[in-house]
S.K.: 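I'd like to ask some things about the structure below.
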Amino acid sequence: MRLFHTDLLAALAVSVVLAGFANAQSGGSSGVISGTVQDPSGAVIAGARVEIQNEVSGYDRTVTSDGNGNFTFPNVPFNPYHMTVTAQGFAQHAQDVELRSVVPVTIKVNLPLATGTDTVTVESAGDLVENDPTFHSDIDKELFDKMPLESASSSLSSLVTLSTPGISADSNGLYHGLGDHAENSINVDGQPDTDQHSKVFSNQLSIESIQSMEVISGAPPAEYGGKTSVVIVAATRSGQGITTPHGSVTASYGAFGTSDVAADLAYGGQKWGNFISVGGLNTGRFLDPPEFAVIHDKGNEQNAFDRVDYQISTGDSIHLNLGYSRSWFQTPNSLDAQNSTAWNGLGGVLPAEENYGGIVPGTSISVGATDQRSKIGTSNIAPSWTRVISTNAVFTLGGFVRRDDYNYYPSHDPFADLGPPSLQRQSVGQNRTLTNAGIRSDISYAKGKNNIKAGVIYQQTFLNERDSIGIVDPAYNAPCITLITDVPVPGFTDPSQCAAAGFQANIPANSSGSAFYPNFNPTGANLLSYDLTRSGTSYIFSGHTDVKELALYIQDVITAGHWSLNLGMRGDVYNGLTAASEAQPRLGVAYNVKKTNTILRASYARTLESPFNENLILSSTGCSNLVLRPFLGCTGLSSGALSPGFRNEFHAGLEQAFGRYLVFSGEWITKYTHNGYDFSVLGNTPITLPIEWHNAKIPGYAGSLKVPNLNGFSAQMVFSSVSARFFRPQIGGAGATVSPGAGLPFRIDHDEKFN
C-alpha cells in the first residue's frame, strides 16, 4: 500500500507540472479546424462556403466565413477530411486536412479568381483510405442514423456490433470483441470507462447524444488501457457555433407494444453552446427471452444528457457533460418458470417425492409464476478545462464521477424462484453500487512530423455489494433421505427425526451425496438457518472494496512521407483485491501505396487487462464463505480473488480502395492472454460472476467491405472469424463453467467460426 501511495503522489505531481506549462476545444476525442479565406491580393472574403467531409465515416459539415473571412469547425472528430471552399466570382479550392489531436488545425485559403471555365473538383479514391496503423471503424451520426438497429434498449451495442468487424453480439446488449469476453471500454470526450454496459449491468449512453465514434479493434494506442479488445472513442454532440437553435422530436411504436420518444435541442454562439437530449422507452420485450414466446418481459428506460461548452478566452475553454438514465425491467420467464413446474416434479423428470403438487410442503402456499425484476440508475458528471498553450500545444485537465446503482428483486413469493436442480435452488436479491471517480490530464503537441500526447489518469472505483440468498428447494439440504433410493424428503429440520419416520439421516455415513443433492449442511455451515422451506431466513452477504488505478502514457504519431508510425509506452498500476503493475509498449506502422490506393499496416501491443468490477467481491470471496460456497458452483480449483491479466497481441492488415466504389479493410489478429476472463451465471438470474482461466489464445481475422456514398446509395458488410481457446484450470472467481482440471483447451461461447 505504501508503494501505491508513492505512485499516487507522483501522478499528482505530474498533473501539477503539466498544469504549470499552461499560462483550450473539447479536450477529448474531437478538435477544431479553423482558418481564413482570402483573395489573390490578400483581402478577406466574407460569405465563402467551406465544407469538410469524410466519406468513410459519413461526416459532412458546412460553414460560411464571417466578415473577417474567418471560419471555424468546432467539435470535429479526429480523422482525415476533404475540404472544399467556394465563393461567388472565385474558382473552387480543394485540399485534404488531417485532424489528429486537440491541437487546433489552422488553414489559410487563397481563392484564385474565376476563369471562363468552371472547374469541379472530384475527390480521389485516396480520400477513402486512411494511413493509420490501428485497425478501426469510423462512424458519424449521419451514417449510424441509417443503421437498422435491432435493439432500442441497447442501441449503442447494436450500432457497434453492426458497424465494426470482429465483434459478436450476445444477449441483452452484451458484445464480445475478437473472441474476448466483453473486455470493452468506452471513452466519451476523454472520460475513460472500462465497466460493463449491457442492459443487465448499466444503462448505456444514448446514441442521440453521440456525434461520432471511432471503434478501435486493432492494437490500442498507449492512451487506452484497462479493457482493450474493443475501445469505443465517442465524441458527443455540441451546441457551440449553432447560433440558430434547432432540434428534433421523434416517436415510434412497434411490435411487443414498444413505444419510444426522443427529443434533442442544440443552441449557442461562437463562444458557447449547449446540447440537450432526452428519451424514453417502454416495451413488452426488454430483455432477450429464453423462449420463442415472450413471457414476463416488460421494461422501460429513460435518459437525459446535457453538454455545455464555454470559451472563456482565446486560450481557455471549459466543457461539462451531465447524464442520468434509469431502467426498470422484468427477468423474462421460461415456460417452467411461468408455470412453476419445478413444484410439480418437472413432469416426471424428478423423483415422485419431489412432486409437491404446486404447494410448498408443510404449508398451504400455492406457488405462482416467477416474478424477478431489476432497476438500474446511472448518473455521470464530467467537467474539463482546456488551455491552448501555443499554436502547437494544448493542455487538458478533467475530472469525472460516474455511478451505477443496480437493484435486483426476487419474486414477491420467494418459492416461485425455484427452478430445476441444475439451474436454481435459491431465491436471490441484490443491491450493488459502483462509483467511479477520477482525474485526468494530458498535453498534446503537434508540429511537423510529430503528434505527441502525454498524460496521466488516476481513478478510484468504490464497490458495494449486498446480496440475499435463501434456499427454496425442499430437497436441498434435506436432513432426511429415503432408505434405499437416497431421495431427499421434505418436512424435517434435524437428522435425529428421520428414523422415527422411516427414513435415514442425510449424512456421509448413509449417503455420499452429490452436487445436486448434497448431504445435510455440506460445508459445516448451518444452512438450515437460511432454508426458507424450513422456516429459515435469507442469508445476507455484504462486501466493500476500493479499486485504485493509475496510468501514465506517452505516444507519438510520426508522419514521414508515405509512412505513419505510432510509438507509445504506457504504465499501469492496479490495486484492488489484488495488485499488479505493468509497463506496456505499443507500436504501429502503416505505409500508403498511393499509386494503388493501398494502406499496409502492422501493430503490436502489450496490455494490462483489469478484472471486471461488477460482482467482483462476491465472486472473489464467495468460495471462502461456507454458506455461499454451495450456491456459487465452487470447486476445489476456485481460488478466490481475480488478478489483472497480461496480454501480447499482434495485428497485420491492409486497406484497399477500388476506385470510388468500394473499400476493403482487413486484419489478421493473434492474442495471447495470461489470466483470461469469462462470466458464470448465478442461477436463473441476470446476475453474473466474473471468473478467470489460466490463459487464452485467440487467433483470427476480421474485415469489412464498404460502398461509400454513391449518389445517395451506401452499403456495408462486416465479417470475422476467431478461435477463442481458453485453457484450464480456473484460477479465480466463483462458478466454474466447464469441468475442472488441466488439459486440452476448450472453445468458449464467444468463439466465432464465422460471424
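Source: prediction; values computed, not measured.
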S.K.: Taking only residues two or more places apart in sequence, or in another chain, which ones meet Asn380 in a side-chain hydrogen bond (donor to acceptor under 3.5 Å, both in side chains)?
M.R.: Gln191
S.K.: Mind listing the closest non-hydrogen atom pair of Pro221 and Arg586 along with its distance?
M.R.: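 Where Pro221 meets Arg586 most closely, the heavy atoms are O-NH1, 2.9 Å.
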S.K.: What's the shortest heavy-atom distance between Thr243 and Gln270, and which atoms?
M.R.: CG2-NE2, 3.8 Å
S.K.: Treating Asp60 as the side-chain partner and Asn54 as the backbone partner, does any N or O pair qualify as donor plus acceptor under 3.5 Å?
M.R.: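 No.
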S.K.: Tell me every residue that passes side-chain hydrogen bond (donor to acceptor under 3.5 Å, both in side chains) with Thr596, counting only those two or more places apart in sequence or in another chain.
M.R.: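 Testing Thr596 for side-chain hydrogen bond (donor to acceptor under 3.5 Å, both in side chains), a comparison that skips the adjacent residues, returns Thr598.
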S.K.: Might you work through the salt bridge (charged side-chain N to carboxylate O under 4.0 Å, His left out) test for Glu223 and Lys453, ending with a clear yes or no?
M.R.: CA-CA 8 Å; Glu223 61 183 300; Lys453 184 176 184 179; 2.9 Å; yes
S.K.: Are Arg570 and Glu582 within salt-bridge range, i.e. N to O under 4.0 Å?
M.R.: no
S.K.: Report the residues that fulfil salt bridge (charged side-chain N to carboxylate O under 4.0 Å, His left out) with Asp264, sequence neighbours left out, ordered by chain and then residue number.
M.R.: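 With sequence neighbours excluded, Asp264 shows a salt bridge (charged side-chain N to carboxylate O under 4.0 Å, His left out) to Arg237, given in chain and number order.
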S.K.: Looking at side-chain heavy atoms only, is the closest gap between Asn321 and Ile381 below 4.5 Å?
M.R.: no
S.K.: Pairing donors with acceptors under 3.5 angstrom, does anything connect the side chains of Asp572 and Gln584?
M.R.: yes
S.K.: Please give me the minimum heavy-atom distance between Pro74 and Gln240, naming the atom from each residue.
M.R.: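 Scanning both residues completely, I find the closest heavy atoms to be CG-O, 3.7 Å.
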S.K.: Taking all atoms of both residues into account, what is the closest heavy-atom pair of Trp668 and Thr670, and its distance?
M.R.: CH2-CG2, 3.4 Å
S.K.: Under 3.5 Å, is there a donor-acceptor pair linking the side chains of Thr228 and Glu609?
M.R.: yes
S.K.: Using the six-membered ring wherever Trp is involved, compare the ring planes of Tyr604 and Phe650 and label them parallel, tilted or perpendicular (cut-offs 30° and 60°).
M.R.: tilted
S.K.: Tell me if the centroids of the rings in Phe664 and Phe658 come within less than 6.0 Å of each other.
M.R.: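 Aromatic pair excluded; centres sit 6.0 Å or further apart.
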S.K.: May I have all residue pairs that pass salt bridge (Lys or Arg N to Asp or Glu O under 4.0 Å) and include part of residues 64-80, sequence neighbours excluded?
M.R.: none
S.K.: Whether the side chain of Glu51 engages the backbone of Arg49 through a donor-acceptor N/O pair (distance < 3.5 Å, no angle test) should be reported.
M.R.: no
S.K.: Between Phe135 and Pro165, what is the shortest heavy-atom contact and its length?
M.R.: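 Heavy atoms of Phe135 and Pro165 come nearest at CZ-CG, 3.6 Å.
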S.K.: Determine the minimum heavy-atom distance between Ala590 and Ile599, stating which atoms define it.
M.R.: CB-CG2, 4.3 Å
S.K.: Can you sort out the partners of Asp195 under salt bridge (charged side-chain N to carboxylate O under 4.0 Å, His left out), two or more places apart, ordered by chain and number?
M.R.: Arg402
S.K.: With no hydrogens and no angle check, is any side-chain donor or acceptor of Gln311 less than 3.5 Å from a backbone partner on Ser313?
M.R.: yes
S.K.: Using a 3.5 Å distance criterion without hydrogens, assess whether the side chain of Gln204 forms a donor-acceptor pair with backbone atoms of His197.
M.R.: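 Looks like yes, one N/O pair under 3.5 Å.
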S.K.: Out of Asn274, Asn75, Asp309, which residue meets the side chain to side chain donor-acceptor pair (under 3.5 Å) rule with Ser238?
M.R.: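 Considering Asn274, Asn75, Asp309, a side chain to side chain donor-acceptor pair (under 3.5 Å) with Ser238 is found only for Asp309.
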S.K.: Test salt bridge (charged side-chain N to carboxylate O under 4.0 Å, His left out) on Lys227 and Asp180; report intermediate values, then the result.
M.R.: CA-CA 10 Å; Lys227 295 179 179 64; Asp180 280 307; over 6 Å; no
S.K.: Answer yes or no: is there an ion pair linking Glu649 with Arg606, defined by an N-O contact shorter than 4.0 Å?
M.R.: no
S.K.: Looking at residues at least two apart in the chain, or sitting in another chain, which of them share a salt bridge (charged side-chain N to carboxylate O under 4.0 Å, His left out) with Glu214?
M.R.: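 Expected list: none.
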S.K.: Check for me whether the distance between the ring centres of Trp563 and Tyr591 falls short of 6.0 Å.
M.R.: yes
S.K.: Is the shortest side-chain heavy-atom distance between Val97 and Ile52 below 4.5 Å?
M.R.: no
